[in-house]
Amino acid sequence: MIELAFSILAADFAHLADEIAAAERGGGTIVHVDVMDGHFVPNITFGPPVVKAIRPITKLPLDCHLMIENPDAFIPEFAEAGADMISVHQEVCRHLYRTLQLIEQYKVQPAVVINPATPVETLVEVLPMVHHVLVMSVNPGFGGQQFLPLALDKIALLAELRETMGLNFRIEVDGGVAHDTVASVVEAGADMLVAGSAVFSPGKTTKNARELLKVARAAAPTAARERAVVTNRTSGAKAPKQMKALRHG
Ligand code: DX5
Ligand code: ZN
């Protein structure tokens, strides 16, 4: 199932409730909340009070993307504020397994994020415990950046690993997802699409969301067919071998 996780970073903060409603009318089904601390990334955005304020104004799940140092210290507050999913960056978690367990303890869906320079292989041990993996397709910190195509191979590798390891985590992509890039990420295997600047625009948000989803869903059948071919060709391979095979063609 292809879903649009609209990033409120690009919304008009003075009218957040209306902005969320407009994106939802366009078919958006997840509210993506970009939390930045000015340390891990060079920008500051929202904290738990904003999540708490959004919670009663929408029934959609709140997907909190923590771009912060020391996420363990804030996970309880985000959970209590109403987060449905919390994703943490692999790069800041010295004990990633423990951090994901902590998120689970708060009955929130745990997820892990990798920056453009971080390889998928660093996640193999935690894939069985995550709701989704978020692949950054820009350097985190700002909306409106250009899509980095290196994300495509990483998405495809994750889709392969999901098959060969018999798992069902979802694959989310974040950064530069727009009308001209969305088909390629869906074809690679992404099914949770984060988009901010391609969705929010005064008076056009509903239409933008609808059109983005339309392009994404049109690419979906091709994606499923192509993955089935790859899986049949390589079935039986164990995950590490699979990764080696992918790396060396
Ligand atoms: C970047 C954030 C993204 C960002 C996406 O650090 O994680 O969610 O808001 O914005 P666009 O869709 O404008 O690239
Ligand atoms: Zn994000």
Side-chain angles (χ1 to χ4, degrees), residues 2-38 40-68 71 74-75 77-89 103 108-109 111 113 131-132 134-147 170 172-179 181-182 185 190-213 216:
I2 305 290
E3 284 190 277
L4 173 62
F6 51 88
S7 166
I8 57 168
L9 187 59
D12 175 355
F13 300 150
H15 303 100
L16 208 41
D18 295 341
E19 293 278 82
I20 290 173
E24 186 174 358
R25 279 197 302 279
T29 44
I30 298 168
V31 183
H32 185 83
V33 184
D34 284 308
V35 177
M36 305 187 190
D37 67 351
F40 176 58
V41 290
N43 197 4
I44 298 178
T45 56
F46 324 110
V50 174
V51 173
K52 198 173 174 188
I54 297 170
R55 185 60 288 169
I57 63 168
T58 178
K59 289 195 170 61
L60 296 181
L62 306 182
D63 172 26
C64 295
H65 173 191
L66 304 191
M67 286 163 272
I68 63 175
F74 294 94
I75 285 164
E77 265 190 86
F78 278 102
E80 278 150 22
D84 297 281
M85 308 168 207
I86 293 180
S87 57
V88 291
H89 272 259
I103 299 171
V108 174
Q109 309 265 33
V113 195
H131 172 263
H132 64 269
L134 172 48
V135 176
M136 290 307 300
S137 41
V138 295
N139 291 306
F142 301 94
Q145 301 182 78
Q146 205 182 340
F147 180 80
R170 302 191 68 186
E172 186 174 39
V173 58
D174 186 358
V177 175
H179 297 75
T181 53
V182 73
V185 298
D191 51 27
M192 286 171 71
L193 312 171
V194 177
S197 45
V199 170
F200 290 100
S201 173
K204 294 190 194 144
T205 297
T206 300
K207 186 166 168 275
N208 287 346
R210 195 173 286 142
E211 284 174 3
L212 191 63
L213 268 170

**Criterion side-chain contact (heavy atoms from CB on, under 4.5 Å) on E172 and H131, from CA distance to verdict** = CA-CA 10 Å; E172 186 174 39; H131 172 263; over 6 Å; no
**Prompt:** Going through the checks in order, is the side-chain contact (heavy atoms from CB on, under 4.5 Å) test met by H65 and T45?
**Reply:** CA-CA 11 Å; H65 173 191; T45 56; over 6 Å; no
**Prompt:** Which is it for C64 and V51 under the side-chain contact (heavy atoms from CB on, under 4.5 Å) test, yes or no, and what are the steps along the way?
**Reply:** CA-CA 8 Å; C64 295; V51 173; 3.9 Å; yes
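- Heavy atoms from other residues, nucleotides or ligands lying under 6.0 Å from NE2 of H179 number more than 12.
- The distance from the NE2 atom of H32 to the CG atom of L4 is 11.0 Å, given to the nearest 0.5 Å.
- Each of L212, V194, I30, I20 was scored for a side-chain contact (heavy atoms from CB on, under 4.5 Å) with F6, with one residue passing: I20.
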**Request:** Let me see the working for S7 and D34 under side chain to side chain donor-acceptor pair (under 3.5 Å), right down to the final yes or no.
**Result:** CA-CA 7 Å; S7 166; D34 284 308; 2.7 Å; yes
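- Nearest approach of A23 to T205, heavy atoms of both residues: N-CG2, 3.8 Å.
- Note that CE of M136 and CE of M67 are 6.0 Å apart. Values are rounded to the nearest 0.5 Å.
- L62 CG to I8 CD1: the interatomic distance, rounded to the nearest 0.5 Å, is 8.5 Å.
- In this structure, the side chains of L193 and D174 stay at 4.5 Å or more apart for every pair of heavy atoms.
- Within 6.0 Å of the CD atom in Q146, the count of heavy atoms belonging to other residues, nucleotides or ligands does not exceed 12.
- M36 approaches F142 most closely through the heavy-atom pair CE-N, 4.1 Å.
- Between R55 and D84 there is a salt bridge, since a side-chain N of the basic residue sits under 4.0 Å from a carboxylate O of the acidic one.
- Taking the six-membered ring for Trp and the full ring otherwise, F78 and F46 have centroids separated by 6.0 Å or more.
- Smallest separation of non-hydrogen atoms from A5 and D63: CB-OD2, 4.3 Å.
- Side-chain atoms of V88 and I103, non-hydrogen and from C-beta on, do get closer than 4.5 Å to each other.
- For E3 against L213, the heavy-atom pair with the smallest separation is C-CD2, 4.5 Å.
- In this structure, the side chain of Q145 engages the main chain of N139 through a donor-acceptor pair within 3.5 Å.
- The minimum heavy-atom distance linking G176 with T181 is given by the pair O-OG1, 2.8 Å.
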**Item:** T206 and N208: CA distance, side-chain angles, deciding distance, side-chain contact (heavy atoms from CB on, under 4.5 Å) verdict
**Value:** CA-CA 6 Å; T206 300; N208 287 346; over 6 Å; no
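- Enclosure of atom CZ in F74 is not indicated, since only 12 or fewer non-hydrogen atoms of other residues, nucleotides or ligands lie within 6.0 angstrom.
- Taking 4.5 Å as the limit, some side-chain heavy atom of H89 sits within range of a side-chain heavy atom of P140.
- Considering OG of S87 and CE of M192, their distance stands at 8.5 Å, rounded to 0.5 Å.
- A salt bridge does not link E80 to K52: none of the charged nitrogens lies less than 4.0 Å from a carboxylate oxygen.
- Here the shortest heavy-atom pairing between G143 and L9 reads N-CD2, 3.9 Å.
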